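FYI, side chains are in, hydrogens and waters are out, and symmetry mates aren't considered; it's all heavy atoms of this structure. We number each residue from 1, following the sequence as shown. The structure presented is a predicted model; accordingly, all values stated were derived computationally and were not measured.
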Amino acid sequence: MNGAKSLLQDLDDAIARGTDESRARALWHATDLLITGRYSDDEISMFGEVIGRLADEIEVAARTQLSELMAACDHAPLNVIEQLAFDDEIDVAGPVLRDSTRLDEKVLVRNAMTKGQSHLLAISQRQSIGEAVTDVLVKRGDQEVVTAVARNEGARFSGSGLLHMVRRAEGDSILAEQLGLRKDVPRHIFQQLIAKASEDVRRRLETERPEMMAQIQSSVTEVTGDLQSKFGPSSRSYFVAKRVVTTQYRQGNLNQDSISNYARQHRFDEVQIGLSLLSSLPVDVIERALMDRNREMLLVLCKALDFSWQTTMSLLFLGAKDHLITARDLNDSEREFGRLNIETSRSILKFYQSRKNNAAADPAAGRQAELQMH
């Protein structure tokens, strides 16, 4: 410790009375000593004071060289790393923003919130990026930045960050495809992305992510054969329910309260007919949403209709086996419902509607969609 302190004091004295050339020599000498030696945190901090002072007085090319050396040093002084990261010259800031493991999430967030697009692009190319940082990048970054983040497998996204990316991907086929190729995108986000994507992007994702597209198709194509509800739509009670609910709808009295009351009374026919009328989707699609073990389609439908969680929960219980749901599954569904966005859920609903309308207008195309599902 004393030897390092004495050496650094000598360097400090040389800085005070030296020339530009001697200061440059002192900088590289101190840097070499730091990189090749093993020092305590206090000693590293002392190196940081000396190197930081010298870095203030050197040209861009020398600062760039220093940045490259510091970016690769796993014990680089924190003050020097931060000083370089916030340098206005991207040639200087870039190496540490891309590669230094010494920059913590708070510093990266502050940098992303205050610096320009070239700094954001450098951050987007880091080996790993936390959710707090990506949240800033996807909001402040330009097209190049958000595409780089989407392409970066080491980037982690929050739920709100992913939703923001989906909104930005609308009309941007490159971003939509990169986002759709990510393995960590949950199905409900992938579903929202597909709802907004162009046909070209959908076709490419069908090739690259066939397993995800097959799941989405199974949620928007008609069930083949004689799919019937457990109450049987051919029964007399079904037609009575259809007449009553349809009259209620025409009179403008069919709403969330009606659906909730029907669900609590376990009146399945009335619920599926009512939801069909409110959503403009065929009854069999509503039936499948209610009965499917994967609750995603039902949650999206309820969010698109602006239903409350209480109403949504009553529908979940209605479709569950023996009307029973574990507390864990219910909590998971509530969290997923809370993450859904009304606007994007309505986009998915429109996607469902367009698929059904296309199938109705072109039976051959509808049959082809059914064949693809199986």
Could you check M297 against D292 for side chain to side chain contact (heavy atoms under 4.5 Å, CB included), going step by step and ending with a plain yes or no?
CA-CA 8 Å; M297 185 176 178; D292 195 347; 5.9 Å; no
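- Looking at H75, its side chain does come within 3.5 Å of a backbone N or O of L34 through a donor-acceptor pair.
- Side-chain contact check for S260 and D257: no donor-acceptor pair (N or O, by modelled atom type) lies under 3.5 Å.
- Tested against F307, the residues L299, L301, T312 include a single side-chain contact (heavy atoms from CB on, under 4.5 Å) partner, T312.
- Looking only at distances, no side-chain donor or acceptor of S45 sits under 3.5 Å from a matching main-chain atom of D41.
- Looking only at distances, no side-chain donor or acceptor of N111 sits under 3.5 Å from a matching main-chain atom of V107.
- Under the 3.5 Å distance criterion, with hydrogens and angles disregarded, no donor-acceptor pair is assigned to the side chains of D91 and T64.
- Under a 3.5 Å cut-off, the side chain of S258 and the backbone N or O of N253 do form a donor-acceptor pair.
- Within the structure, salt bridge (charged side-chain N to carboxylate O under 4.0 Å, His left out) pairs that include any residue of residues 334-344 comprise D332-R335 (at least two apart or interchain).
- Between D269 and K242, no side-chain nitrogen of the basic residue sits less than 4.0 Å from a carboxylate oxygen of the acidic one, so the salt-bridge criterion is not met.
- Judged as a salt bridge (charged side-chain N to carboxylate O under 4.0 Å, His left out), the pairs with a partner in residues 110-128 (not counting sequence neighbours) are, in order, E82-R110, D88-K115.
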Apply side chain to side chain contact (heavy atoms under 4.5 Å, CB included) to L305 and L275, showing your working.
CA-CA 9 Å; L305 294 174; L275 288 176; 4.0 Å; yes
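- Test E296, R295, M313 against S333 for side-chain contact (heavy atoms from CB on, under 4.5 Å) and you get one pass: R295.
- Evaluated for a side-chain contact (heavy atoms from CB on, under 4.5 Å) with L103, the options V133, L97, L78 yield exactly one hit, L97.
- More than 12 heavy atoms of other residues, nucleotides or ligands sit less than 6.0 Å from atom CZ of F86.
- Looking at N261 and R264, their side chains do bring a donor and an acceptor atom within 3.5 Å of each other.
- To the nearest 0.5 Å, atom OG of residue S118 and atom CD1 of residue I123 are 10.0 Å apart.
- A donor-acceptor contact shorter than 3.5 Å links the side chain of R209 to the backbone of G180.
- Using a 4.0 Å cut-off between a side-chain N of Lys or Arg and a carboxylate O of Asp or Glu, D184 and R182 qualify as a salt bridge.
- Looking at N152, its side chain does come within 3.5 Å of a backbone N or O of S124 through a donor-acceptor pair.
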Does the pair D142 and V146 meet the rule for a side chain to side chain contact (heavy atoms under 4.5 Å, CB included), with working shown?
CA-CA 6 Å; D142 58 17; V146 294; over 6 Å; no
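- The 12-atom threshold is exceeded at CD of Q117, counting heavy atoms of other residues, nucleotides or ligands nearer than 6.0 Å.
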Audit row: S276, I286, side chain to side chain contact (heavy atoms under 4.5 Å, CB included) steps and yes/no
CA-CA 6 Å; S276 174; I286 298 299; 4.1 Å; yes
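- A donor-acceptor pair under 3.5 Å is absent between the side-chain atoms of R98 and the main chain of A122, judged by distance alone.
- Of the possible polar contacts, one joining the T247 side chain to the R243 backbone as a donor-acceptor pair under 3.5 Å is found.
- Residue pairs meeting the salt bridge (charged side-chain N to carboxylate O under 4.0 Å, His left out) criterion with at least one partner in residues 166-175, sequence neighbours excluded, are E170-K196.
- Between the side chains of S308 and T311, a donor-acceptor pair is found at a separation under 3.5 Å.
- Once rounded to the nearest 0.5 Å, the distance linking CD of E105 with CD of E131 reads 8.5 Å.
- Atom CD of Q143 has 12 or fewer heavy atoms from other residues, nucleotides or ligands within 6.0 Å.
- Other residues, nucleotides and ligands place no more than 12 heavy atoms under 6.0 Å from the CD1 atom of I174.
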